[in-house]
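For reference, the structure is listed below as C-alpha cells.
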Amino acid sequence: MKWSSLFSKTRLGREGRESSTLTRTEFQRDQDRIVFSSAFRRLQNKTQVVPLPDSDYVRNRLTHSMETASVGRSLATVVGSALIKENTDLFHELDIHESDFGAVVSAACLAHDLGNPPFGHSGEDAISAYFRDGRGQSYLEHCSSAQIADLQNFEGNASGFRLLTANLEGQTELEGGLGLTYSTLATFSKYPKQSIPNLKKDGRASGKKYGFFQTEKEIFKKVASRLQLKEKEYSYSWYRHPLSFLLEASDDICYHIIDFEDGYNLGIISFDLIESLYIQLLGKDWSNIEARYKRVLSEQSKISYLRSVVINKLIRSCSAVFLENETAILDASFDKP
C-alpha cells in the first residue's frame with residue numbers, strides 16, 4: 001500500500017462532485033457529518049461499561065466516542081507530522097497536511113461505536129442467538145450461507161459501516177449514506193472482510209472479526225479498490241488501511257485508562273490502587289511530574305491529572321511504534337494491535 005493512494009477526498013455516492021470550497025477540509029466535513037447524524041446522537045443512552053449508572057459523571061458511548069476522537073486526533077497528528085517531514089514532496093503534491101491525518105482518524109473514532117447495540121457485546125450475542133437458536137430462524141429460509149453467517153454472528157462493526165454508507169428509510173435523495181470520504185470509511189473499518197470464512201484464530205488483527213454485511217460488501221470493495229488496499233487470499237477480504245491501527249489504539253487507550261477512572265469514581269476501585277497503577281504506567285516519566293502532582297489537593301483531581309499524563313505518554317508511545325513499523329504496516333506484514 002502507498003500513501004499516494006490511501007488518501008482520497010472522494011465521497012461515497014458523490015463521486016462526480018468537486019471538493020468543497022469552504023474553509024473546512026473534506027475530512028473535517030466528515031467529522032461534522034458524523035456529529036450531526038442521528039446515529040451519533042443515539043449513542044448518548046448506550047452503556048459504555050457501567051449499566052444504568054446513578055451518576056451522570058460516568059461515561060456512556062457518546063462521551064467515550066468523543067474522548068476517543070480527541071485522543072485519535074492527537075495521535076494521528078503526531079504521526080502525520082513525522083511522515084510529512086520524511087515525505088514532504090509527496091504530501092505537498094497530495095495536498096495532505098498533518099491536520100488531515102488527525103481529522104481522518106478523529107472522524108473514524110467518532111463513528112467507531114455507531115453500530116454497537118445496547119449492552120455492547122452482550123447485545124451482539126443476544127441478536128446472534130435470536131437468529132441461531134430463537135424465533136429468528138424463521139427468517140433464514142431464503143438466505144444465503146453468507147447472509148446467515150452475518151445474522152448468526154452479528155457484528156457491531158459491520159452494523160456501523162452500514163449506518164455510515166447505506167441509504168436508510170426516508171433517505172433517498174442521495175446515495176452513499178452520510179457521504180463520507182473513502183479514506184474515512186476505510187480507516188473506520190478495523191476488520192475489512194466479510195463474515196465468511198471465520199478467521200478469529202488466524203492471528204491477524206484485521207481478520208479477528210468482520211466489518212461489513214453482505215448488503216454492503218460491494219460498497220467496501222469499491223472503497224478498497226480506490227485506495228488500493230492490499231487484498232487477502234479470501235474473497236472480499238483486505239488488510240487494514242494503516243490509519244485504522246491508530247483508531248484501534250485510540251479506542252484501546254480510552255477503554256482501558258478512562259474506564260478505569262470511572263471505576264474509581266463509582267467506588268469500585270480504591271484511590272490507592274488506581275494511583276499506584278497509573279504511576280506504574282508512567283514509569284520513568286513519574287519523576288518528571290511527581291513534585292507537581294504532590295501540589296494537587298483532592299483525590300479526584302489527582303486521578304484526573306494522572307489520567308491525562310498517562311494518556312499523553314501512551315499517545316507518544318503508540319505514535320513511535322507506528323512510525324517504527326511504517327514499512328511493515330504498508331506492506332501488511334504488520335497485522336496486530
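Note that this is a predicted model, so its numbers are computed, not measured. For the single chain, residues carry numbers from 1 onward in sequence order. Excluded from the calculations below are hydrogen atoms, water molecules and symmetry mates; all remaining heavy atoms, backbone and side chain alike, are included.
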Decide yes or no on side chain to side chain donor-acceptor pair (under 3.5 Å) for T181 and E26, but give the supporting numbers first. CA-CA 7 Å; T181 62; E26 295 300 320; over 6 Å; no
Can a donor-acceptor pair be found, under 3.5 Å and without considering hydrogens, that links the side chain of Q152 to the backbone of F131? yes
Spell out, as yes or no, whether a donor-acceptor pair under 3.5 Å connects the side chain of S70 to the backbone of M66. no
Is there a side-chain contact between [X] and [Y] (heavy atoms, below 4.5 Å)?
X	Y	result
C318	L246	no
I257	L314	yes
V309	K313	no
L227	H241	yes
L164	F188	yes
Y234	I196	no
R42	R61	no
D30	F27	yes

Going by an N to O cut-off under 4.0 Å, is there a salt bridge joining D125 and R132? no
Run the salt-bridge test on R162 and E216 with the 4.0 Å N-O cut-off and return the result as yes or no. yes
Rounding to 0.5 Å, atoms CG (D100) and CG (D95) come to a distance of 7.5 Å
Between atom CG of L94 and atom NZ of K9, what is the distance when rounded to the nearest 0.5 Å? 8.5 Å
Hey, do the aromatic rings of [X] and [Y] have their centres closer than 6.0 Å?
X	Y	result
F154	Y130	no
Y278	Y305	no
F7	F101	yes

Going by atom types alone, do [X] and [Y] pair a side-chain donor with an acceptor below 3.5 Å?
X	Y	result
H92	H97	no
S195	D150	yes
Y236	E218	yes
D251	H64	yes
T10	R226	yes

What verdict does the ring-ring contact (aromatic ring centres under 6.0 Å, His included) test give for F220 and F161, after you've listed the backbone C-alpha separation in whole Å, the side-chain angles of each residue and the deciding distance to 0.1 Å? CA-CA 9 Å; F220 191 86; F161 189 76; 5.6 Å; yes
Taking a hydrophobic cluster as the set of Ile, Leu, Val, Met, Phe, Trp and Tyr residues connected by side-chain heavy atoms closer than 4.5 Å, whether directly or through intermediates, do [X] and [Y] fall within one such cluster?
X	Y	answer
L90	L323	yes
L151	L163	no
L247	V104	no

Where is the tightest heavy-atom contact between [X] and [Y], given as atom of each residue plus distance?
X	Y	answer
Y293	E275	OH-OE2, 2.6 Å
I258	R307	CG1-CD, 4.2 Å
N265	Q300	OD1-OE1, 2.7 Å

Give me the one residue out of R204, K193, K230 that meets side chain to side chain donor-acceptor pair (under 3.5 Å) with Y239. R204
For S333 and D331: C-alpha separation, side-chain torsions, deciding distance, then whether side chain to side chain donor-acceptor pair (under 3.5 Å) applies. CA-CA 6 Å; S333 60; D331 68 24; 2.6 Å; yes
Taking side-chain hydrogen bond (donor to acceptor under 3.5 Å, both in side chains) as the definition, give me every residue that meets it alongside D335, ordered by chain and number, with sequence neighbours left out. S206
Does a sphere of radius 6.0 Å around [atom1] in [X] hold more than 12 heavy atoms from other residues, nucleotides or ligands, not counting ones at 6.0 Å or beyond?
X	atom1	value
E141	CD	no
E93	CD	no
K221	NZ	no
Y139	OH	no

Quick one, W238 with Q228, criterion side chain to side chain donor-acceptor pair (under 3.5 Å). Give me CA distance, side-chain angles, the key distance, then yes/no. CA-CA 10 Å; W238 292 265; Q228 298 180 30; over 6 Å; no
